[in-house]
Amino acid sequence: MTLATPPVPGSGQWTDARLLYALEEVVEKELNRHLKVAQEWMPHEYVPWSDGRNFDGPLDGDPWAPEQSKVTDIGRIALVVNLLTEDNLPSYHREIATRFGRDGAWGTWVHRWTAEEGRHGIVMRDYLLTSRAVDPVRLERLRMTHMSEGYESDGWQSMLHSVAYVSFQELATRISHRNTGHQSGDPVCDRMLARIATDENLHMVFYRNLLRAAFEIAPDQTMQAVRDVVVDFRMPGHGMPGFERAAAQMAIGGIYNLRIHHDDVLQPVLRFLKIMEIGGLGPDGLKAQEELGLYMDGLDGEARKLDERLAARRARIEARKEAAGS
């Protein structure tokens, strides 16, 4: 990797424009690697079309009813959250196109990422409607409400914050899709979400490697960005209607909770970056590194308490079942 121009003289800080230029070569390398390993797949091949039939309305089909769904209750909740998250792709595209630009290797990646992500919403919606997994009227109304609100990142203005955020968010999305598939109760759904999760993992690797390169160029600023993102992390779908209740149900159901967030999302990326071993930091970078370590320790403690509460809840449920059966 060829490091480009130094920080702006007298400022001690890299501007976004100079960072974008300095990382262009890394983006091109990672883009070429991604294109070699990414496998083409067709959304229509993962949809059980033979299960489909008309809904009520202009085509005089059958109205939807919950008993038509093969998917578990927690699976339906998570599938709606996951699909509504994917639906906001136009807003996400605007965010990264604004941050990263639409020219050169950055622009090629932005458009390629958007095209790949577009398949996820297509196949999930086709599956949900064809298999009658969820109420189509409610789903469409939620989509309209959610997309009408749009999406904006959590006040993070720098491109380093954006790179840090997606490094964790892509992995979080992969985990959410994968766990939803496992608990959906439908092998067709599980296979579809496994295919989506593979894409999300490749996207995570791209951004994670880019974040590693950013540490080599601007370690203090990158450490601060990672600290900010980890401490204030929220999933991109947090603004959708009913998200908090759905997130709580997904936490209880083991699809995505604090333990999963700590162990399967934050820790793998931080370990890859060897975040606590990075040296050569100035006062601001050292402070951010220390705060990050303290936060992760605290989060592990919170996750342990949640584990205990969930275990106690499961024990109560089992006890009630045994009492009812005796």
Side-chain angles (χ1 to χ4, degrees), residues 74-99 113-114 117-118 120-121 124-125 128 134 138-180 183 193 196-197 200 203-204 207 225-267 269 292 295-296 298-299 302-303 306 310:
I74 187 60
R76 285 201 298 273
I77 292 168
L79 280 162
V80 170
V81 170
N82 292 353
L83 176 55
L84 291 178
T85 299
E86 299 287 356
D87 275 333
N88 251 346
L89 181 60
S91 287
Y92 308 148
H93 174 83
R94 182 201 66 213
E95 285 277 319
I96 66 169
T98 300
R99 292 280 185 268
W113 174 87
T114 303
E117 287 287 344
H120 303 168
M124 288 180 68
R125 175 165 284 99
L128 291 179
V134 300
R138 179 175 178 271
L139 180 65
E140 176 60 10
R141 287 172 177 165
L142 287 171
R143 186 191 72 84
M144 287 294 294
T145 300
H146 186 43
M147 291 193 69
S148 295
E149 293 293 327
Y151 168 83
E152 290 187 15
S153 55
D154 286 336
W156 298 319
Q157 300 302 316
S158 79
M159 59 81 60
L160 282 176
H161 282 88
S162 296
V163 172
Y165 177 73
V166 290
S167 297
F168 297 102
Q169 176 267 317
E170 293 282 3
L171 183 52
T173 304
R174 171 191 179 272
I175 295 296
S176 181
H177 282 313
R178 202 69 193 94
N179 288 344
T180 299
Q183 300 202 37
L193 290 176
I196 293 174
E200 302 290 8
H203 297 164
M204 179 276 293
Y207 289 119
V226 170
R227 184 267 321 273
D228 294 344
V229 165
V230 168
V231 170
D232 294 324
F233 184 87
R234 295 195 297 177
M235 291 294 276
H238 62 81
M240 70 179 60
F243 178 79
E244 291 185 2
R245 176 175 173 78
Q249 293 170 310
M250 290 167 67
I252 293 171
I255 288 178
Y256 199 95
N257 55 40
L258 278 182
R259 174 54 61 201
I260 293 169
H261 183 60
H262 178 277
D263 291 358
D264 300 337
V265 176
L266 298 182
Q267 284 284 32
V269 176
L292 185 58
Y295 176 81
M296 290 298 294
L299 186 65
E302 292 180 36
L306 175 65
L310 291 178

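Only a predicted model underlies this, so the values are computations on that prediction, with no experimental measurement involved.
Residue V81 comes nearest to A246 through the heavy atom pair CG2-CB, 3.6 Å, listed as atom of the first residue, atom of the second, then distance. Residues V265 and F168 approach most closely at CG1-O, 3.5 Å, considering heavy atoms. The minimum heavy-atom distance between Q267 and D263, with the atom names listed, is CB-O, 3.9 Å. For the pair N257 and A251, the tightest heavy-atom approach, listed with the atom from each and the gap, is ND2-O, 3.2 Å.
M235 has its side chain within reach of T173: a pair of non-hydrogen atoms, C-beta onward, lies under 4.5 Å apart. Between M296 and V230 there is a side-chain heavy-atom pair separated by less than 4.5 Å. A 4.5 Å side-chain heavy-atom check between L79 and L193 finds at least one atom pair inside the cut-off. For the pair H261/L266, a side-chain contact is recorded, criterion being any heavy-atom separation below 4.5 Å from C-beta on.
Using modelled atom types and a 3.5 Å distance limit, the side chains of H161 and D228 yield a donor-acceptor pair. Residues E149 and T145 have side chains that never bring a donor and an acceptor to within less than 3.5 angstrom of each other.
Classified by interplanar angle (parallel below 30°, tilted 30° to 60°, perpendicular above 60°), the ring pair F243/H238 is perpendicular.
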- Message: As a quick check of understanding, evaluate side-chain contact (heavy atoms from CB on, under 4.5 Å) for L306 and E302, giving each step before the final call.
- Response: CA-CA 6 Å; L306 175 65; E302 292 180 36; over 6 Å; no
- Task: Go through the steps for Y256 and N179 under the test side-chain contact (heavy atoms from CB on, under 4.5 Å), then give the verdict.
- Result: CA-CA 8 Å; Y256 199 95; N179 288 344; 5.9 Å; no
- When you look at L83 and H146, which way does the side-chain contact (heavy atoms from CB on, under 4.5 Å) test go after all the steps? CA-CA 11 Å; L83 176 55; H146 186 43; over 6 Å; no
- Query: For E86 and R125, what are the C-alpha separation, side-chain angles and deciding distance, and is it a side-chain contact (heavy atoms from CB on, under 4.5 Å)?
  - Reply: CA-CA 10 Å; E86 299 287 356; R125 175 165 284 99; over 6 Å; no
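Checked by atom type and distance alone, the side chain of S167 pairs as donor or acceptor with a backbone atom of Y207 at under 3.5 Å. Side-chain N or O atoms of Y165 include none that pairs as donor or acceptor with a backbone N or O of F233 at under 3.5 Å. Proximity of a side-chain donor or acceptor of Q183 to a complementary backbone N or O of I74 within less than 3.5 Å is not detected. Within the 3.5 Å criterion, the main-chain N or O of T85 finds a donor-acceptor partner in the side chain of Y92.
Taking CG from L89 and CE from M147, the interatomic distance works out to 8.0 Å, rounded to the nearest 0.5 Å. S176 contributes atom OG, which lies 12.0 Å from atom CG of D264 (distance to the nearest 0.5 angstrom). From T114, atom OG1 reaches atom NE2 of H93 across 5.0 Å, with rounding to the nearest 0.5 Å. One distance of note links CG of D87 with CG of N82; it measures 11.0 Å at 0.5 Å rounding. If you take CD on Q169 and CD on E200, they are separated by 7.0 Å, rounding to the nearest 0.5 Å. With rounding to the nearest 0.5 Å, the separation of CZ in R99 from CG in L160 is 11.5 Å.
Heavy atoms of other residues, nucleotides or ligands lying less than 6.0 angstrom from CZ of R138 number 12 at most.
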